[in-house]
Amino acid sequence: TIPAAMFKPALLSSLKTYTKQTFLADLFAGLTVGVVAIPLAMAFAIACGLSPTQGLITAIVAGFLISLFSGSKYQIGGPTGAFVIIIMGVLEQYHASGLLVCTLMAGLFLIIFGFCRMGALIRFIPFPVTTGFTSGIAVVIFSTQIKDIFGLTITEKIPGEFIEKWACYFHYFHTINWAALGLAAGTVIITLLSRRFWPRIPAMLVGMLGMTAVSVAFSLPVTTIGQAFGSLPNTLPLPSLPSIDWSTLGALTAPAFTIALLAAIESLLSASVADGMTGGRHKPNMELIAQGIGNIGSALFGGAIARTATNIKAGAKSPVSGMIHALTLLAILMAFAHYAQQIPLAVLAGILTVVCYNMSEIHTFSRLLKGPRQDAAVLVITFLLTVFVDLVVAVEVGVVLAALLFMGRMAQISDVSAIKNELLENDEEDDGNRSAAKLDIPEGVEVFDVKGPFFFGAVEQFKDQVLETLEHDTKVVILRMRLVPALDATGLNVLSDFCHQCREHGSTLLVCGVQPQPLDVIRHAPFYRELKRYNICENIDAALNRARKIINGPAPKHL
């Protein structure tokens, strides 16, 4: 049975002790995060090739639903940079309706992850993989902003591929708009200075408002949101199901799964950081379900899905702050949509430049490069695939490479060695009656110490070491498995084959000191009947006694 508490939203437990002071703290935090989210929501949407309105809708709807159902008290949902390049690819190939279907599918995947209790497993994605694709995403997002940063006048469709995209930029670089470059640079400078000297003030909002005011005051000749996307609506659209093209569902499965995987990784890492900052504990499976509901909700309203730390620092006490953050965005959309049309695209590109620098994790990237060569290789390969090929491919290849490296390392620590009338120091397996430090191994008995996980990556060494013993006059083979913590199907199959080979050569196989997991695997397999229950011994002493009985044969009957 699955404990109901694992799927209980944090809001329910928070409301049990909710007070007026708690609400005031949540109100201030929600207003603060709502203001911080404005430039990010619009900038991410534009980077994806969507209207800024869709970014705000996503932040409003998904943000409210995620906080309502979240397994964390402090999590804030909304658009993030990790999804930009996936959304761009889906949008380019399958258009807006395909993107909404993809978002719905990602939401369903996340809900399935949660109900299958995969919350703890997803956090084991290797660090070099997450760093590689996060840094790669930062480079790709920055490359999409070059046109707006320099105000280039490009008369052709900008290619999606990284190299071709930069070739296009260089071809049109002579059309640079110095006013746009000045606004983008000014936004970066004001944002960084505000963050450095006035950390409590929403730095990105200050940068956006400051440089927008400069643009309006001097009537600078730059492209604005209104010129690029028209007027922004000041209400939410009615929810509706997107039109589904059943022929594309199969093709949308891979990007939808990648969106779900990235959403799971980002949300669980963010919730873990929040736990570290507050001393609390989140429910990972409920968090995945909340993320899934948020994705589905935003898709129904026409939206597409790192503000949690800001929420905590602003004094949030419960998920109510996240819901207030969403309502704050809605109020701003309704009241100030008209004025948002005057924001230059160069200003939002400047904001994304700061975001990309933060995402790039330059210091972490360089530190990993100086670590183990195999991990550095996974990091670089994941990064290059993200930039030059595709994020979906990068995540798949990165995870597979990291898994192969892990299996290789496990195989390296696995070992099989023969024991010759000796007992290893600090042996805790003996029966306590032996005072000598020697094992009395009878003639015709071979004892092997098996160490490390006995899985498909380690069986070859076992075959090389142990199978040679059957060529000699060996009556009993003892496998000492006290240091084998895990046994998989391949390892079990190798043991079964070895048992058959022993029988063909007239030898008997004994195993001793088997740990709980391998013993459970053996007992539930046909190998248990082949080996016979009495050939599984508690320790090496019992195995040697059993070997002596086999060699000496049954005791003669008295006449």
Under 3.5 Å donor-acceptor pairs involving side-chain atoms of residues 362-374, not counting sequence neighbours:
residue, atom, partner, partner atom, Å
S366, OG, I362, O, 3.2
S366, OG, H363, O, 2.9

- Task: Please list all pairs passing the salt bridge (charged side-chain N to carboxylate O under 4.0 Å, His left out) test where one or both residues lie in residues 89-103, with sequence neighbours left out.
- Result: E92-K157
- Query: Looking only at heavy atoms, what is the nearest atom pair of I522 and Y528, with distance?
  - Reply: O-CB, 3.2 Å
- Mind checking what makes side-chain contact (heavy atoms from CB on, under 4.5 Å) contact with V521, not counting sequence neighbours? L487, L492, Q517
- Message: Do I293 and I111 make a side-chain contact, defined as non-hydrogen atoms from C-beta onward lying under 4.5 Å apart?
- Response: yes
- Task: For T19 and T22, indicate whether the former's side chain and the latter's backbone hold a donor-acceptor pair under 3.5 Å.
- Result: yes
- Query: Judged by atom type as modelled, is there a donor-acceptor pair below 3.5 Å linking the side chain of K317 to the main-chain atoms of A25?
  - Reply: no
- Side chain S14, main chain A10, donor-acceptor under 3.5 Å: yes
- Note on the structure: Sorted by chain and number, sequence neighbours left out, side-chain hydrogen bond (donor to acceptor under 3.5 Å, both in side chains) with T187 holds for none
- Item | Spacing of CG belonging to L385 relative to CZ belonging to F388, to within rounding of 0.5 Å | 10.5 Å
- Taking the side chain as C-beta and beyond, is there a heavy-atom pair between P319 and S70 under 4.5 Å? no
- Looking just at side-chain N and O atoms, do E287 and S72 make a donor-acceptor pair shorter than 3.5 Å? no
- Query: Between D375 and P128, what is the shortest heavy-atom contact and its length?
  - Reply: O-CB, 3.7 Å
- Message: Main chain of L249, side chain of T253: is a donor-acceptor contact present, judged purely on distance under 3.5 Å?
- Response: yes
- side-chain contact (heavy atoms from CB on, under 4.5 Å) partners for T328, two or more places apart: L31, I324, I332
- Message: So, using side-chain contact (heavy atoms from CB on, under 4.5 Å) as the criterion, who are the partners of S231 when residues are at least two apart?
- Response: Q341
- Task: Quick one: pull up OG1 in T382 and CG in L401 and give me the separation to the nearest 0.5 Å.
- Result: 6.5 Å
- Message: Going by the rule ring pair (Phe, Tyr, Trp, His ring centres under 6.0 Å), which residues pair with F109 if we only count those two or more places apart in sequence or in a different chain?
- Response: F257
- Task: Check step by step if side chain to side chain contact (heavy atoms under 4.5 Å, CB included) holds for Y18 and V320.
- Result: CA-CA 10 Å; Y18 209 70; V320 174; 3.5 Å; yes
- Go through the structure and list residues passing side-chain contact (heavy atoms from CB on, under 4.5 Å) with A349, not counting sequence neighbours. Q145, D148, I149
- Does D520 have any side-chain hydrogen bond (donor to acceptor under 3.5 Å, both in side chains) partners at least two apart in sequence or in another chain, and if so, which? H524
- Quick one: pull up CG in L110 and CD1 in I259 and give me the separation to the nearest 0.5 Å. 9.5 Å
- Note on the structure: Between the CD atom in Q54 and the CD1 atom in I87, the distance rounded to the nearest 0.5 Å is 10.0 Å
- On a heavy-atom basis, the closest approach of A326 and I60 is CB-O, 3.2 Å
- Task: Verify, without hydrogens or angle tests, whether Q75 (side chain) and S267 (backbone) share a donor-acceptor contact under 3.5 angstrom.
- Result: yes
- Residue pair S318 / D26, side-chain donor-acceptor N/O under 3.5 Å: yes
- Can you list the residues that meet the side-chain hydrogen bond (donor to acceptor under 3.5 Å, both in side chains) rule with S194, with sequence neighbours excluded? none
- Query: What's the verdict on side chain to side chain contact (heavy atoms under 4.5 Å, CB included) for F115 and I289, showing C-alpha distance, side-chain angles and the deciding distance?
  - Reply: CA-CA 7 Å; F115 279 115; I289 294 172; 3.9 Å; yes
- Would you say F229 and I46 make side-chain contact, with heavy atoms under 4.5 Å? yes
- Do the side chains of I225 and L348 get nearer than 4.5 Å, heavy atoms only? yes
- Message: Checking the side chain of S143 only, and the main-chain atoms of V140 only, is there a donor and an acceptor separated by less than 3.5 Å?
- Response: yes
- Could you walk me through whether I141 and V355 pass the side chain to side chain contact (heavy atoms under 4.5 Å, CB included) check? CA-CA 9 Å; I141 295 176; V355 172; over 6 Å; no
- How long is the gap from CG on L100 to CE on M105, to the nearest 0.5 Å? 13.0 Å
- Please walk me through it: do L262 and F133 pass side chain to side chain contact (heavy atoms under 4.5 Å, CB included)? CA-CA 10 Å; L262 289 179; F133 70 65; 3.3 Å; yes
- Closest heavy-atom pair, S13 versus K8, reported as atoms and distance to 0.1 Å, is N-CE, 4.5 Å
- Task: Could you tell me whether the side chain of Q93 reaches within less than 4.5 Å of the side chain of T248, counting heavy atoms only?
- Result: no
- Message: Tell me if the CD1 atom of I163 is crowded by more than 12 foreign heavy atoms within 6.0 Å.
- Response: no
- Over all atoms of both residues, closest heavy-atom pair of L68 and P9: O-CB, 3.8 Å
- Query: Can you find a heavy atom in the side chain of V450 that is under 4.5 Å from one in the side chain of L483?
  - Reply: no
- Message: Can you tell me how far apart CG (L50) and CE (M42) are? Round to the nearest 0.5 Å.
- Response: 14.0 Å
- Message: Among residues at least two apart in sequence or on other chains, which ones pass ring pair (Phe, Tyr, Trp, His ring centres under 6.0 Å) with Y357?
- Response: none
- Any pair counted as ring-ring contact (aromatic ring centres under 6.0 Å, His included), so long as it reaches residues 47-69, sequence neighbours left out: none
- Task: Would you check if L252 and V90 make a side-chain contact, meaning some heavy-atom pair closer than 4.5 Å?
- Result: yes
- Note on the structure: Closest non-hydrogen contact found for T386 with I137 is CG2-N, 3.7 Å
- Query: Looking just at side-chain N and O atoms, do T131 and T134 make a donor-acceptor pair shorter than 3.5 Å?
  - Reply: no
- Within-4.5 Å side-chain heavy-atom neighbours: Q515 and V484: no
